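Before any comments, here is the structure.
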Amino acid sequence: MYEALTYIDSLFKITMTTSIPAGGGKLNYGVGDCKRQGCRRSSWITSVTFSRCIQKEISWSRRVSKFLRIQRCSSSQSPITENWKSIRTVTSYKRDGSTKYFDFAVIGSGVAGLRYALEVAKHGSVAVITKAESHESNTKYAQGGVSAVLCPTDSVESHMQDTIVAGAYLCDEETVRVVCTEGPDRIRELIAMGASFDHGEDGNLHLAREGGHSHHRIVHAADVTGREIERALLEAVLMDPNITMFEHHFAIDLLTSQDGSDTVCLGVDTLNTETLEVIRFISKVTLLASGGAGHIYPTTTNPPVATGDGIAMAHRAEAVISNMEFVQFHPTALADEGLPIRPTKTRENAFLITEAVRGDGGILYNLDMERFMPMYDERAELAPRDVVARGIDDQLKKRNEKYVLLDISHKPREKILSHFPNIAAECLQYGLDITRHPIPVVPAAHYMCGGVRAGLQGETNVQGLYVAGEVACTGLHGANRLASNSLLEALVFARRAVQPSIDHMKSSNLDFSASNWWARPFVPMALGINITDKIIQMTKEVRKQLQAIMWKHVGIVRSTMRLKTAERKIGELEAKWEEYLFREGWEPTMVGLEACEMRNLFCCAKLVVSSALARHESRGLHYTIDFPHLEESLRLPTIIFPCSPVKGTWSSQQLHKQSKYLELQP
C-alpha cells in the first residue's frame, strides 16, 4: 500500500496520507486552498484517490513534469537491468512469432498516432498497433475541421480566450498558448503532406466558424475533414519502410516494471483478433494514442473501437488520470427516430451533424418549430457545446420529446450541398432533403475531456510512456472542449512528444530477455465454443446494462443521488459479471475481445463516476442539480492518483499481475 504520495515544488506542496484498498475501502480525497500549506484533508470517498491543485498558483504545464514523478512506497524492485541503456536500433527485432521488438510502439492509428509515427520513424523502427482497420478511428469521423489562427484579423490571444471561456476557466493557460501558437504550423505541415482543404473564391483557405469561436478559423475539407487528414497521413505511413502497421491487434495491457520508485513502460501485450494469438511488443518508447471512451454510453458518435482501452490500461499501469467527470455530449447527432425512413438496424455509432451547420446559420427548434436556444444563452446556437446540449436536454425533458430540429434549409441549396455533402447524402438515403427540411437531432456522447495526465511534451508519470489525442488530458480543454480543438491538440502534442521520445529511445536498449518478465495472457480455447459463446452473450448484455446506467445516472444533468446510485449499480454489475466469468471456468489471465473491452468500459465508467462525485460544483460539462453554481475555490483539476489494490476487481489490475489477484480473493 502507499503510505504517502508527496509532491513538492518551490511554490506548492501536496501531502496525502492514504491506506488504499481499491474498489472497496475508503480513500482520502484532498481538496482545499493550496496557496501556502498544501491541500487540507477532506471527505472520504471510494474507488480512487484524488487531489485538486490550484492552477492560478502554478500552471499545469510548469509543474506537471515534476508532479508526475510520484513516489511509490512499498513497490517491489523488478528485473530492470543496468544494460537497458543506449543502443539505437533502426530495424525491428522478431525473436519469435509471438514477440516483436521495436524502438517505438504506437497504440492507435488516428491523427495523433500517425503524425507521431512519421516523425519518430526517422530515428528508429515503429510499430503502429491498431484495434481494427488502420483507417478506423475517431479521426475518421471528425467532420467539422481543425481550428487555427490563419486569418489576418484573428489572433492567438483571441483563440486562447475562446478556448478558456469554453473550458469554463479550467484550462491551463500555458498549454492553451502553446497549442494556439503552434497550430498554424501543424496545418501547413498537413498541406505539405498532401492534405486537401477547401479554398474560397479568393484562393485562400476557406475558414468556417463554429460554436464558441469569435472568428472564422476552422480549416476543413467539406464535412469530412478527419477522413481527409487520415487519408494523407495513412498514405505517408504506408510508404515509410521504418513503420509496420499491425491491424486487428487489440491492446490488452501495458507491460510495466519498477525501477526504484519509477514505473517504466516497456511495451504492450496485444490480441490479434483475427488469429486469436497473443502478440507481445517490447519497445523502448510507447505512445498511447488510442482515443476516447464514448461507448460507456448507449449512444455515441464514436466508432465501435472507442471503449476506453488506453485510459483503462494507463490507469492499471499506475499512470495519473485527470478530469474524467468532463464528458462532452455533442448537441447534434442524427436522431434516427425523426427520419422519414427509419434505418433497418441500429447504428453502432450515431451519425454526427457537425458543429459547422450551426456555425453556418443553422437554427434549433422544438417540434412546434419554436426557436429555443436564445432562452438559454445570448449566443444562442453559437454557444459552446455544453450549453447547447443542456438546452436541448431541457427541451426534451420538459416537452417529453425524443429529438429537436436543426434547420439549415433557409440557406442557398448550392451552399448547403457544397459545405455539407456527406450529411446531405446520409440524410437523403433516409428520405430527408436537408435543403428543404430540418434535421432531427439529439445529444450523444462525443468526447472525453479527461484522460491520462500529460505534460507539455506528452510525458506521463510512467517512464517511457507518452500520450497524445483524446486519451490524454493536457489541460487544453478544461471543463469543456471548444469545437475543432481536438484534431488541433492531437497534431500539436503528437509533434511535441517526438523529441523527448527520441531522447528516451537513445538512452535505452532492447533487452531480449524482457519478454519473459511477465506472464503471458492466453485465449480461452480450452473452455470450448459453447461456454465461450455464453460468456460473449452475457458480456454483451452486461455492456448494455452498464451503458444504460451511465446514461440514466451520469448523463448531461447529474445529481449526487444519481451518481451514488450509479456507483453502487456499477459495482454490483461488475461483481456479478466477474463471478459469472470465473464460475464458467474463465481464468484471470485469459483474454478475449469482448471481455477485455468490458473490463475497460467498467474501469472508465468508475473513473467518470468517482470524479463526478468529487466535484461539488457545476462547471462546463459537469452539471449537477445539487451544486448548480460555479465555485471559484473549486476551479481545480481533478487528479486520480495510482493506487495499490488490496482487493481489487479483475478490471482494475494488469493481467500479468493476476497471480496476485488470485491470492487476494477470499
Side-chain angles (χ1 to χ4, degrees), residues 7 48-53 55 59-65 67-68 70 107-108 110 112 138 163-164 166-176 178-179 287-294 296 306 308-328 386 446-462 465-482 485-494 496-497 603-604 606-612 614-615 619-622 635-642:
Y7 163 70
V48 285
T49 306
F50 289 86
S51 173
R52 295 186 187 275
C53 317
Q55 284 184 291
S59 77
W60 174 312
S61 46
R62 285 190 183 278
R63 70 171 182 261
V64 75
S65 294
F67 178 77
L68 292 178
I70 297 175
I107 303 172
N138 280 357
T163 298
I164 291 168
Y169 297 92
L170 198 64
C171 310
D172 176 68
E173 186 173 342
E174 187 171 0
T175 303
V176 175
V178 163
V179 172
L287 176 81
L288 200 52
S290 52
I296 60 175
D309 309 324
I311 295 171
M313 284 193 299
H315 181 59
R316 291 193 291 265
E318 301 191 344
V320 177
I321 310 295
S322 188
N323 287 355
M324 287 293 288
E325 66 268 42
F326 300 120
V327 181
Q328 186 174 82
D386 59 323
H446 184 59
Y447 190 87
M448 303 294 295
C449 289
V452 184
R453 191 170 170 91
L456 272 177
Q457 294 180 307
E459 74 273 23
T460 71
N461 62 300
V462 177
L465 178 66
Y466 296 83
V467 290
E470 188 174 351
V471 72
C473 184
T474 66
L476 174 68
H477 305 308
N480 177 43
R481 176 174 69 82
L482 180 64
N485 267 4
S486 55
L487 292 176
L488 174 70
E489 180 196 39
L491 288 165
V492 169
F493 274 87
R496 292 186 71 84
C603 182
C604 289
K606 290 187 293 184
L607 291 174
V608 170
V609 173
S610 297
S611 299
R615 185 167 291 280
R619 184 179 295 275
L621 298 163
H622 174 70
R635 185 164 62 87
L636 318 162
T638 307
I639 311 296
I640 305 174
F641 286 105

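For reference, positions follow the sequence shown, starting with 1. Please read all numbers here as calculations on a predicted model, not as lab measurements.
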Point-to-point distance, once rounded to the nearest 0.5 Å, from [atom1] of [X] to [atom2] of [Y]:
X: Asn323; Y: Cys473; atom1: CG; atom2: SG; value: 4.5 Å
X: Arg481; Y: Cys171; atom1: CZ; atom2: SG; value: 12.0 Å
X: His622; Y: Cys449; atom1: NE2; atom2: SG; value: 13.5 Å
X: Ser486; Y: His477; atom1: OG; atom2: NE2; value: 6.5 Å
X: Met313; Y: Leu465; atom1: CE; atom2: CG; value: 9.0 Å
X: Met324; Y: Ile639; atom1: CE; atom2: CD1; value: 13.0 Å

For a quick test of reading the model, state the closest non-hydrogen atom pair linking [X] to [Y] and the distance between them.
X: Ala454; Y: Val467; result: CB-CG2, 3.5 Å
X: Phe493; Y: Gly455; result: CE2-O, 3.4 Å
X: Leu170; Y: Ala479; result: CB-N, 3.8 Å
X: Gly310; Y: Leu288; result: O-CD2, 3.4 Å
X: Glu470; Y: His446; result: OE2-O, 4.1 Å
X: Ala494; Y: Ala468; result: N-CB, 4.0 Å

Got a sec, which residues hit side chain to side chain contact (heavy atoms under 4.5 Å, CB included) with Cys603, two or more places apart in sequence or on another chain?
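With sequence neighbours excluded, Cys603 shows a side chain to side chain contact (heavy atoms under 4.5 Å, CB included) to Ala312, His315, Leu607, given in chain and number order.
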[Y] backbone acceptor or donor facing [X] side chain under 3.5 Å:
X: Arg496; Y: Gly458; result: no
X: Glu459; Y: Gln457; result: yes
X: Arg635; Y: Tyr169; result: yes

Show your reasoning for whether side chain to side chain contact (heavy atoms under 4.5 Å, CB included) applies to Val452 and Ile321.
CA-CA 5 Å; Val452 184; Ile321 310 295; 4.0 Å; yes
Would a 4.5 Å heavy-atom cut-off, applied to side chains only, mark [X] and [Y] as touching?
X: Ile296; Y: Val608; result: yes
X: Ile107; Y: Leu287; result: no
X: Ser610; Y: Ile640; result: no

Contacts of type side chain to side chain donor-acceptor pair (under 3.5 Å), residue Asn480, not counting sequence neighbours:
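Here the qualifying residues are Gln328, Asp386.
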Residue list, side chain to side chain donor-acceptor pair (under 3.5 Å) with Arg316, at least two apart or on another chain:
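Testing Arg316 for side chain to side chain donor-acceptor pair (under 3.5 Å), a comparison that skips the adjacent residues, returns Asp253, Asn600.
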Take Phe326 and Met448, measure what side chain to side chain contact (heavy atoms under 4.5 Å, CB included) needs, and give me the verdict at the end.
CA-CA 7 Å; Phe326 300 120; Met448 303 294 295; over 6 Å; no
Given the rule in the side chain to side chain contact (heavy atoms under 4.5 Å, CB included) test, do Val327 and Leu621 qualify, once you have shown the distances and angles that lead to the verdict?
CA-CA 6 Å; Val327 181; Leu621 298 163; 5.9 Å; no
Please test Thr474 against Glu489 for side chain to side chain contact (heavy atoms under 4.5 Å, CB included), starting from the C-alpha separation and ending with a verdict.
CA-CA 9 Å; Thr474 66; Glu489 180 196 39; 2.6 Å; yes
Qualifying residue, where the test is side chain to side chain contact (heavy atoms under 4.5 Å, CB included) with Leu488 and the options are Thr163, Leu482, Val179, Leu476
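Exactly one option meets the side chain to side chain contact (heavy atoms under 4.5 Å, CB included) with Leu488, and it is Val179.
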